[in-house]
Amino acid sequence: MPRERDVTPRVAEIDRVLEVNGAFLGASAKPAAAELIEPDGGALVDLLVPDSKAAEKESEARGLVQVKIGQIDLEWIHVVSEGWASPLKGFMRQAEYLQALHFNSLRMPNGLLANMSIPIVLAIDDEQKESIGNASSVTLVGPQGDMVAILSNIEIYKHNKEERIARTWGTTAPGLPYVDESITNAGNWLIGGDLEVLKRVKYNDGLDHYRLSPMELRAEFARRKADAVFAFQLRNPVHNGHALLMTDTRRRLLEMGYKNPILLLHPLGGFTKADDVPLEWRMRQHDEVLKAGVLDPETTVVAIFPSPMHYAGPTEVQWHAKARINAGANFYIVGRDPAGMGHPIEKRDLYDADHGKLVLSMAPGLERLNILPFRVAAYDKTKSKMAFFDPSRPQDFVFISGTKMRNFAKSGESPPDGFMCPGGWKVLVEYYQSKAKEATATSP
């Protein structure tokens, strides 16, 4: 449900608590040798079958029991196969599932913890379980009927949906988007095992060139000679307040002694709820932001993060941060209510807006990551542009919420000058106008 949020009263308080104006949370932020941060476990997981074994593995897959999977399952295969969830090498078996669910982490062979706050699991129903029988391996078949992967050394265990939902979201209230889409009607069993992915996951939507793997991102950062990588995740269009934060972060890193900090602008590309702006429109809007020079293309890498979205607040934001370590980021920008949403029943936020950044600063397995708390930006009426909020003159600032922004775009009304680059705003207006036309065409 739409929310209007008044952030004014707590801005100064949170800035003081987190020392937003001069300090980072988490790991030491001092410049070191120009080497990218190591992935969890010391090496990126790569589960794609090499070309030399492709024919052999496809032949093997044809002879195994087949298990049909859904679109979100395919997105998780994409995520795990490329190493975003390193050191995880497949869908979770019960021991891994319980560690993720109860401890938000996995114990690695060396005794250290890797953060893993979201269970990455595959559900099957009674009929599928019976068809698998005593088999030790199965073939996973995608939504289009193609063989996607072999899951081997499998383990099947009970899917306690209520416990999973309660511990992941902190509520079992009806109306949680991911739960409705992927859990409520899922099977009563979970199947875990090691993945061998037969071919790289592609979506053929014109955006696959943005879907850079952690390995490809690391290669790009190395090519640009980055000595720091700061990641910014978003599932919304970029306005000039976001851009101010990102450019100011780079300035601060330069002042700290880094020579070439690179921004990873990393929109989420998996499942999102129905009222979020679709990925293709967001990517068009991001392109306009770079074309307008709001962000510098020379110091910005735009790529798609393939994970589905849970809207699980402080629990999920740990996953978002952890995955960016594996992509080479040693700084992570976090804002208010990261990965949050409105309560599905009550007229309030589901999570405390400040808990995400606080949890990240304490989360097990994220000690190496520097957390960059979001300095709150608003529209400064005296300067006709987005600026960092100044609590000494609150009357000069206007907070333009996501709801207000959507209402402006739906009506074709322009926001205040300086809120968003004109090309980016035009894309948003086109999207909402196209939605209105579709609604008119389908109405009785």
Between [X] (side chain) and [Y] (backbone), is there a donor-acceptor pair under 3.5 Å?
X	Y	answer
Asn115	Leu366	no
Arg235	Met309	no
Ser86	Val45	yes
Ser434	Tyr432	no
Gln99	Arg107	yes
Ser117	Thr315	yes
Asn240	Ala243	no

Between [Y] and [X], is there a side-chain heavy-atom distance shorter than 4.5 Å?
X	Y	answer
Leu263	Val229	no
Leu195	Lys89	no
Pro261	Leu254	yes
Val141	Asp146	no
Thr300	Leu265	yes
Val277	Pro237	yes

* Output, in order, the C-alpha distance, side-chain angles, deciding distance and verdict of side-chain hydrogen bond (donor to acceptor under 3.5 Å, both in side chains) for Asp276 and Tyr311. => CA-CA 12 Å; Asp276 282 350; Tyr311 306 91; 2.5 Å; yes

* Pairing residues for Arg62 by the side chain to side chain contact (heavy atoms under 4.5 Å, CB included) criterion, not counting sequence neighbours -> Glu58, Ser59, Met147

* Listed by chain and number, what are the side chain to side chain contact (heavy atoms under 4.5 Å, CB included) partners of Leu244, not counting sequence neighbours? -> Ala377, Phe388

* Structure fact -> Residue pairs meeting salt bridge (Lys or Arg N to Asp or Glu O under 4.0 Å), one or both in residues 190-218, sequence neighbours left out, come to Lys57-Glu196, Glu82-Arg200, Arg93-Asp194, Arg200-Glu216, Asp205-Arg211, Asp208-Arg211

Is [X] atom [atom1] crowded by more than 12 heavy atoms from other residues, nucleotides or ligands, each under 6.0 Å away?
X	atom1	value
Lys273	NZ	yes
Lys161	NZ	yes
Lys158	NZ	yes

Qualifying ring pair (Phe, Tyr, Trp, His ring centres under 6.0 Å) pairs, either residue in [range], two or more places apart:
range	value
residues 115-156	none
residues 216-250	Phe232-His242, His239-His242, His239-Phe419
residues 123-167	Tyr97-Tyr157

* **Any residue meeting side-chain hydrogen bond (donor to acceptor under 3.5 Å, both in side chains) with His320, in chain and number order, not counting sequence neighbours** =>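 If we apply the side-chain hydrogen bond (donor to acceptor under 3.5 Å, both in side chains) test to His320, skipping adjacent residues, the hits are Gln233, Glu316.
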
* If you measure from CG on Leu112 to CD on Glu367, what distance do you get to the nearest 0.5 Å? -> 9.0 Å

* **Glu438 with Lys435: basic N within carboxylate O range, under 4.0 Å** => no

* Does a side-chain N-to-carboxylate-O contact under 4.0 Å join Glu255 and Arg251? ->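 Result for this pair is yes, salt bridge flagged.
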
Mind listing the side-chain donor-acceptor pairs of residues 285-295 below 3.5 Å, one per line with the distance, residues two or more places apart or on another chain?
{"residue": "Gln285", "atom": "OE1", "partner": "Val238", "partner atom": "N", "Å": "3.0"}
{"residue": "Gln285", "atom": "NE2", "partner": "Val238", "partner atom": "O", "Å": "2.8"}
{"residue": "His286", "atom": "ND1", "partner": "Arg282", "partner atom": "O", "Å": "3.2"}
{"residue": "Asp287", "atom": "OD1", "partner": "Tyr210", "partner atom": "OH", "Å": "2.7"}
{"residue": "Asp287", "atom": "OD2", "partner": "Tyr210", "partner atom": "OH", "Å": "3.0"}

* Would Arg250 and Asn260 count as having a side-chain donor-acceptor pair, cut-off 3.5 Å? ->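 Side chains of Arg250 and Asn260: pair found under 3.5 Å.
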
* Quick one: do the Ser307 and Trp319 side chains pair a donor with an acceptor below 3.5 Å? ->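 Side chains of Ser307 and Trp319: pair found under 3.5 Å.
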
* **Nearest heavy atoms of Pro119 and Met92, plus distance in Å** =>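 Taking Pro119 first and Met92 second, the nearest heavy atoms are CA-SD, 3.8 Å.
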
* Heavy-atom pair with the smallest gap, counting every atom of Glu298 and Arg224 -> O-NH1, 3.1 Å

* Residues in ring pair (Phe, Tyr, Trp, His ring centres under 6.0 Å) contact with Trp281, at least two apart in sequence or another chain ->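 For Trp281, the residues satisfying ring pair (Phe, Tyr, Trp, His ring centres under 6.0 Å) (neighbours in sequence not counted) are Tyr431.
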
* Asked: Do Trp84 and His266 have ring centres separated by under 6.0 Å?
  -> yes

* Would the His310 and Phe271 ring centres measure less than 6.0 Å apart? -> no

Which donor-acceptor pairs under 3.5 Å do side chains of residues 175-189 form with protein atoms, sequence neighbours excluded?
{"residue": "Tyr178", "atom": "OH", "partner": "Trp76", "partner atom": "NE1", "Å": "2.9"}
{"residue": "Thr184", "atom": "OG1", "partner": "Val179", "partner atom": "O", "Å": "3.2"}
{"residue": "Trp189", "atom": "NE1", "partner": "Asp126", "partner atom": "OD1", "Å": "2.8"}

* Scan Asn326, Asn370, Asn330 and name whichever one has a side-chain contact (heavy atoms from CB on, under 4.5 Å) with Ile37. => Asn330

* Please list, chain by chain and in numerical order, all residues satisfying salt bridge (Lys or Arg N to Asp or Glu O under 4.0 Å) with Glu163, sequence neighbours excluded. => none

* So which pairs with a foot in residues 40-50 pass side-chain hydrogen bond (donor to acceptor under 3.5 Å, both in side chains), sequence neighbours left out? ->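 Listed by first then second residue: Asp40-Lys322, Asp40-Arg368.
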
